[in-house]
Each structure stands twice: as structure tokens, then as C-alpha cells.
Amino acid sequence: MSVEGFWKVAVATPFGTRRTELELFSKDGVLQGISRGEKETLTLNDLQLEGNRLSWYQSIKRPMRMDLAFDVTIDGDEMTGTARGGPMPAAKVSGHREPAAQPA
């Protein structure tokens, strides 16, 4: 199953919904990713794809420093799951893959 592409993602936190765009791609046969959020751009660490389950870690600095662990399920172009960080309760994660850009 390919998870590559651009994903619009929402994370429902106690501080409100945070939106980000994930870019997932393979480089030299290894799944990699970048998160472009409201306040910062981050590298996704330890991306693991097992069947339709995708997990990764990222370290945010804004609005506060925190390591987040994501665990999501991919169903076609939809993503659902959770993000956990520090002492906070798990936050719901949802997202959808954007269609590939069509040449002009």
C-alpha cells in the first residue's frame, strides 16, 4: 500500500485544532516525510508502515516543546488515529490525501 503524497491533516488538541500538511515520499527505498504546520516545518522520524498502519515521531517547538507520537490507520485516501505527547491526553488525528496535481 502506498501512502506517498500530500496529506491535509487535523489534530484535535485541548488547545484547538492544529492543521498541518504531510508530504510522504520514498527516497532510496525508505519512507520519509515532512510536516508543514501553522508555525514550523518538521522532519518525521522513524516512519513505520505495517499493512495499513502508519506511525512516526516528531518534535515540535511551538506552541510548546513536545515530542509527539502518531499512530494512524490509512484507508485509501483517508487517515484516522491519534497523536500522543507528554502528559496530554491522546489527540484525535484525521486527514485526507490531496489528489495529484494534473499537468496543464
Side-chain angles (χ1 to χ4, degrees):
M1 162 197 264
S2 175
V3 297
E4 293 181 36
F6 291 91
W7 294 81
K8 298 284 187 181
V9 176
V11 182
T13 76
F15 306 107
T17 300
R18 302 292 184 217
R19 300 194 185 281
T20 188
E21 182 178 273
L22 300 182
E23 179 182 357
L24 301 176
F25 57 93
S26 289
K27 183 174 179 184
D28 298 326
V30 177
L31 185 60
Q32 297 184 22
I34 298 170
S35 172
R36 293 178 182 90
E38 298 163 349
K39 300 181 187 270
E40 57 191 341
T41 298
L42 304 166
T43 300
L44 306 184
N45 299 305
D46 196 26
L47 274 157
Q48 300 290 320
L49 179 63
E50 296 177 18
N52 66 341
R53 185 174 169 207
L54 178 66
S55 61
W56 72 90
Y57 298 92
Q58 64 188 63
S59 296
I60 64 171
K61 295 183 178 92
R62 296 180 185 160
M64 67 178 76
R65 287 187 171 284
M66 186 179 307
D67 293 329
L68 299 175
F70 286 78
D71 187 1
V72 300
T73 300
I74 306 293
D75 185 8
D77 291 331
E78 300 298 318
M79 166 188 299
T80 57
T82 59
R84 296 182 181 276
M88 307 298 242
K92 289 185 181 181
V93 175
S94 61
H96 66 276
R97 184 176 2 212
E98 293 290 292
Q102 300 298 317

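This is a predicted model, so every value here is computed, not measured. Residues take their numbers from the sequence shown, with the count starting at 1. What's counted below: heavy atoms across the whole structure, side chains too, no hydrogens, waters or symmetry copies.
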Minimum heavy-atom distance between Leu44 and Ser35, given as atom pair plus value:
CD2-CB, 3.8 Å
Atom CE of Met88 and atom CE of Met66: how far apart are they, to the nearest 0.5 Å?
5.0 Å
Using the ring pair (Phe, Tyr, Trp, His ring centres under 6.0 Å) rule, collect all pairs that involve residues 73-99, keeping only residues at least two apart or in two chains.
none
For residues 16-63, which residue pairs qualify under ring pair (Phe, Tyr, Trp, His ring centres under 6.0 Å), counting only residues two or more places apart or in two chains?
Trp56-Phe70
Considering only heavy atoms from C-beta outward, does the side chain of Asp75 approach that of Asn52 to under 4.5 Å?
no
I need the Ile60 CD1 to Leu42 CG distance, nearest 0.5 Å.
8.0 Å
Where is the tightest heavy-atom contact between Thr43 and Gln58, given as atom of each residue plus distance?
O-CB, 4.2 Å
When you compare the side chains of Asp71 and Ser55, does any donor N or O come within less than 3.5 Å of an acceptor on the partner?
no
Identify the two heavy atoms, one from Glu38 and one from Thr17, that lie closest to each other, and give their separation to 0.1 Å.
OE2-O, 4.0 Å
Over all heavy atoms of both residues, which pair between Glu40 and Lys61 is shortest? Give the atoms and the distance, please.
OE2-N, 2.9 Å
When rounded to the nearest 0.5 angstrom, what distance separates CG in Leu31 from CG in Leu49?
6.5 Å
Between CG of Leu68 and OG1 of Thr82, what distance do you get to the nearest 0.5 Å?
11.0 Å
Distance-only, no hydrogens or angles: does the Thr20 side chain make a donor-acceptor pair with backbone N or O of Arg36 under 3.5 Å?
yes
Pairing residues for Lys92 by the side chain to side chain donor-acceptor pair (under 3.5 Å) criterion, not counting sequence neighbours:
none
Are Val93 and Phe15 co-members of a hydrophobic cluster defined by side-chain heavy atoms under 4.5 Å apart?
yes
Which atom names give the shortest non-hydrogen contact between Ala91 and Ala12, and what distance separates them?
CB-O, 3.2 Å
What residues, two or more places apart in sequence or in another chain, satisfy side chain to side chain donor-acceptor pair (under 3.5 Å) together with Ser26?
Glu4
For Thr13, enumerate each residue passing the side chain to side chain donor-acceptor pair (under 3.5 Å) test, keeping only those at least two apart in sequence or located in another chain.
none
CD1 (Ile74) and CH2 (Trp7) are apart, to the nearest 0.5 Å, by 4.0 Å
Is it the case that the side chain of Arg19 and the backbone of Lys8 share a donor-acceptor pair, with hydrogens and angles ignored and the cut-off at 3.5 Å?
no
Heavy-atom pair with the smallest gap, counting every atom of Gly33 and Leu47:
N-CD1, 3.3 Å
Taken to the nearest 0.5 Å, the spacing of Asp77 CG from Glu98 CD works out to 9.5 Å
Within the 4.5 Å heavy-atom criterion, are Val9 and Val72 side-chain neighbours or not?
no
Here the salt bridge (Lys or Arg N to Asp or Glu O under 4.0 Å) pairs for residues 79-89, sequence neighbours left out, are none
